[in-house]
Colleague: 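Submitted below is the structure of interest, expressed as structure tokens.
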Number of protein chains: 2
Amino acid sequence: MEDSDTVLGKALGILRAFGPADSVLPLAELVRRTGLAKGSVHRIAGDLVRHRLLDKTEHGYRLSGGLFELGMRAAAERTLLEVAMPFLQDLYERTHETVHLGVREGHEVVYVAKIGGHRQAKAPSRAGGRMPLHCTAIGKVLLAYAGEDERTAVLSAPLERRTPHTVIAPGLLRGQLVRAVETGVAYEREESTPGLLCVAAPVLAPDGLTAVAAVSVTGPVGRFRPESHANAVRAAATALGATLARRRP
Amino acid sequence: MEDSDTVLGKALGILRAFGPADSVLPLAELVRRTGLAKGSVHRIAGDLVRHRLLDKTEHGYRLSGGLFELGMRAAAERTLLEVAMPFLQDLYERTHETVHLGVREGHEVVYVAKIGGHRQAKAPSRAGGRMPLHCTAIGKVLLAYAGEDERTAVLSAPLERRTPHTVIAPGLLRGQLVRAVETGVAYEREESTPGLLCVAAPVLAPDGLTAVAAVSVTGPVGRFRPESHANAVRAAATALGATLARRRP
DNA sequence: AAAGAGCGTACCGCTCAGTGGAACGCCTTC
DNA sequence: GAAGGCGTTCCACTGAGCGGTACGCTCTTT
């Protein structure tokens, strides 16, 4: 799906052929998804196994633990994760709902952490996973604090309708972003996933103008009242921001 | 440090040149660590940047978020992590000490998760990081439930002394392993890091004979009494084991 | 100010690693 | 028993990758 004229490109193509859903893919499927020659996929996959990026099972290939280890060394997300963990922990303990930590990556959110208990609302989000900016609470917060150019770029592109509640009117969304900056929190009400509500607050950089990340609390329609957690989320996010600022003088 | 005759090998060499400690490395340092030609490192690093595995900063290269995303797709650790999270959460809430989840990878532990609060004892462990088997509570548990051949392999090799308390006598360690199987928990008392104590329990496969992972609670010498958390750790680990068994019929 | 060291970048001709089409054997499925 | 899908192996061609060389830059040193 990308440029596959270099060995590295092909290898990455194979690795990225694994969607968030699939755990083990047979060779033929990899050939199909990557569009590469069967022989090439066979050989490269073999190399990847040798390098502990893939595991070869009876039924095909699987992303290996070596990849996990490598990914956890990524500097930015790792330090963010480590510093944030205590605050996320506090937040969870106070709310006992699913807690997310996310950063912006282009026009999407990438979740850096997701913690929750047994009775958590089953959200499609996963650590390392992505979501559109416009239909999630974290996304809205991040978008609200993104540069004006980024914001208009997102708002002028067609906004994908994920559920009947997804806000796809740019004007409406822009209003929500303004309110997010004013109030320090953004909400999502079944806009990305039916049955899920969410509050998010920004983790601001020392300048107070840009968001380096965002924290959210998610819960199911019914028992969950996002507004009642707004303060907790805001507190966690600002505390995290202050701690991050203290680390990098 | 590995085989670097294939492009992929060189690329991996570059990525793995990043130790857990360093966040940004200049080109020259990568050349030094990998032993590759300067031109090659330059070109490959450029390719890696293009593929979102590296970021290029003012002061050098840095492992990028793309790597984090990719690593989080690793099937085994991801599902383990997701299923385990609620149990780890419970355990943390009950103890308010640092909680670890680890799996065995060769003769080392790989930590899949690490959660803790503000007052956590600062351990050198990190998610995605490694530790020797013989000097950690999780390692001992995993070793106790490993195959007999694996166990003797570890015990017959010289055991690295990490601290004055590290158990390096194979007989002594073997005794601890036997006790671990009998009691369902293993302990570590400043054997990997001065000032740290730890209790761990195995997450057993349905057969009840092999451990798929291990859970631990860590705390500082002084206030922390590992024995008093043995039951909580054991409970969390067995509950997790039961849940995992239910998922794969 | 000049010399030096270390850095990132750019160039380029040689060559062998990587390529992908073809063919094979092994399974199901129809 | 034909047909199709699968994983694997083989092999001759070729251009991607290689690494030595060279340049410009910014510091530090003398």
Side-chain angles (χ1 to χ4, degrees), chain A residues 1-19 21-64 66-67 70 73-76, chain B residues 1-19 21-64 66-67 70 73-76:
Chain A
M1 194 167 286
E2 299 286 323
D3 48 349
S4 51
D5 10 1
T6 158
V7 210
L8 239 151
K10 292 178 218 236
L12 257 288
I14 291 177
L15 292 180
R16 295 208 221 261
F18 288 82
D22 7 66
S23 69
V24 43
L25 295 179
L27 179 62
E29 181 62 21
L30 288 175
V31 171
R32 232 169 281 125
R33 298 196 186 190
T34 58
L36 300 173
K38 210 202 303 196
S40 300
V41 175
H42 185 60
R43 180 171 35 82
I44 296 182
D47 285 352
L48 289 173
V49 169
R50 223 157 290 127
H51 289 287
R52 292 196 4 95
L53 297 191
L54 283 183
D55 286 334
K56 183 168 200 169
T57 75
E58 206 179 354
H59 306 286
Y61 295 92
R62 206 177 50 184
L63 295 180
S64 167
L67 206 54
L70 216 44
R73 297 227 179 127
Chain B
M1 195 165 286
E2 299 286 321
D3 49 349
S4 51
D5 9 2
T6 158
V7 208
L8 240 151
K10 291 177 219 241
L12 257 289
I14 292 177
L15 292 179
R16 295 209 221 261
F18 289 81
D22 6 65
S23 68
V24 45
L25 295 180
L27 179 62
E29 181 62 21
L30 288 175
V31 171
R32 233 169 280 126
R33 297 196 186 189
T34 59
L36 300 173
K38 208 202 305 196
S40 301
V41 175
H42 185 59
R43 179 172 33 83
I44 296 182
D47 286 351
L48 290 173
V49 169
R50 224 157 289 126
H51 290 286
R52 291 196 4 94
L53 297 192
L54 283 184
D55 285 334
K56 184 169 197 165
T57 75
E58 206 179 354
H59 306 286
Y61 296 92
R62 206 179 48 185
L63 296 180
S64 167
L67 205 55
L70 215 44
R73 296 226 179 128

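In what follows, chains are A, B, ... by sequence order, proteins preceding strands, each numbered from 1. Predicted model only: the values in this text are computed from it and were never measured.
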Colleague: Could you measure the distance from the CZ atom of B:Arg16 to the NE2 atom of A:His51? Nearest 0.5 Å is fine.
Modeller: 8.0 Å
Colleague: Dump the pairs, protein N or O against N or O of nucleotides 9-17 of chain C, anything under 3.5 Å, distances to one decimal.
Modeller:
from, atom 1, to, atom 2, distance (Å)
C:dT9, OP1, B:Lys56, NZ, 2.9
C:dT9, OP2, B:His42, ND1, 3.4
C:dT9, OP2, B:Lys56, NZ, 3.1

Colleague: For B:Ala45, which residues count as a side-chain contact (heavy atoms from CB on, under 4.5 Å) partner, sequence neighbours excluded?
Modeller: B:Leu54, B:Tyr61
Colleague: Just how far, in rounded Å, is P of C:dG8 from CG of B:Leu54?
Modeller: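 Taking atom P of C:dG8 as the reference, CG of B:Leu54 is at 14 Å.
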Colleague: Please report the closest heavy-atom contact between A:Val31 and A:Leu36, naming both atoms and the distance.
Modeller: CG1-O, 3.5 Å
Colleague: Could you state the atom-to-atom distance from CG of B:Asp47 to P of D:dA16 in whole Å?
Modeller: 12 Å
Colleague: For A:Arg32, enumerate each residue passing the side chain to side chain donor-acceptor pair (under 3.5 Å) test, keeping only those at least two apart in sequence or located in another chain.
Modeller: A:Glu29
Colleague: Rounding to a whole Å, what distance do you find between A:Leu36:CG and C:dG21:C1'?
Modeller: 14 Å
Colleague: Please report how far the helix from C:dA1-D:dT30 to C:dC30-D:dG1 bends, comparing the axis fitted to its first five pairs with the axis fitted to its last five, to the nearest 10 degrees.
Modeller: 30°
Colleague: I'd like to check the side chain to side chain donor-acceptor pair (under 3.5 Å) partners of B:Asp55; sequence neighbours left out, ordered by chain and number.
Modeller: B:Arg62, B:Ser64
Colleague: With 3.5 Å as the limit, what N/O pairs link the protein to nucleotides 26-30 of chain C?
Modeller:
none

Colleague: For A:Val7 and B:Val7, which heavy atoms make the closest approach, and how far apart are they?
Modeller: CG2-CG2, 3.4 Å
Colleague: Do you know the tightest heavy-atom contact between B:Ala11 and A:Leu8?
Modeller: CB-CD1, 3.9 Å
Colleague: Going through the checks in order, is the side-chain contact (heavy atoms from CB on, under 4.5 Å) test met by B:Leu12 and A:Arg52?
Modeller: CA-CA 10 Å; B:Leu12 257 289; A:Arg52 292 196 4 95; over 6 Å; no
Colleague: Over how many whole Å does the gap from B:Glu58 atom CD to D:dC27 atom C1' extend?
Modeller: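 In whole Å, D:dC27 C1' lies 15 Å from B:Glu58 CD.
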Colleague: Between B:Asp47 and B:Arg50, is the side-chain contact (heavy atoms from CB on, under 4.5 Å) condition met? List the steps.
Modeller: CA-CA 5 Å; B:Asp47 286 351; B:Arg50 224 157 289 126; 2.6 Å; yes
Colleague: Check the distance between D:dG7's P and A:Ile14's CD1 and give it to me in whole angstrom.
Modeller: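 It works out to 13 Å between those atoms.
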Colleague: Could you tell me which non-hydrogen atom of B:Ala17 sits nearest to which non-hydrogen atom of B:Leu30, and how far apart they are?
Modeller: CB-CD2, 3.9 Å
Colleague: Nearest whole angstrom, please: distance from the P of D:dG7 to the CZ of A:Arg43.
Modeller: 17 Å
Colleague: Starting from C1' on C:dC7, measure out to CG on B:Leu30 and report it in whole angstrom.
Modeller: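 One finds 13 Å between C1' of C:dC7 and CG of B:Leu30, rounded.
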Colleague: Please evaluate residues A:Leu27 and A:His42 with respect to the criterion side-chain contact (heavy atoms from CB on, under 4.5 Å), reporting the C-alpha separation (whole Å), side-chain torsions for both, the decisive distance (0.1 Å), and the verdict.
Modeller: CA-CA 7 Å; A:Leu27 179 62; A:His42 185 60; 3.9 Å; yes
Colleague: Whole angstroms only, please: what is the CD1-P distance between A:Ile44 and D:dT8?
Modeller: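 About 15 Å, once rounded to whole Å.
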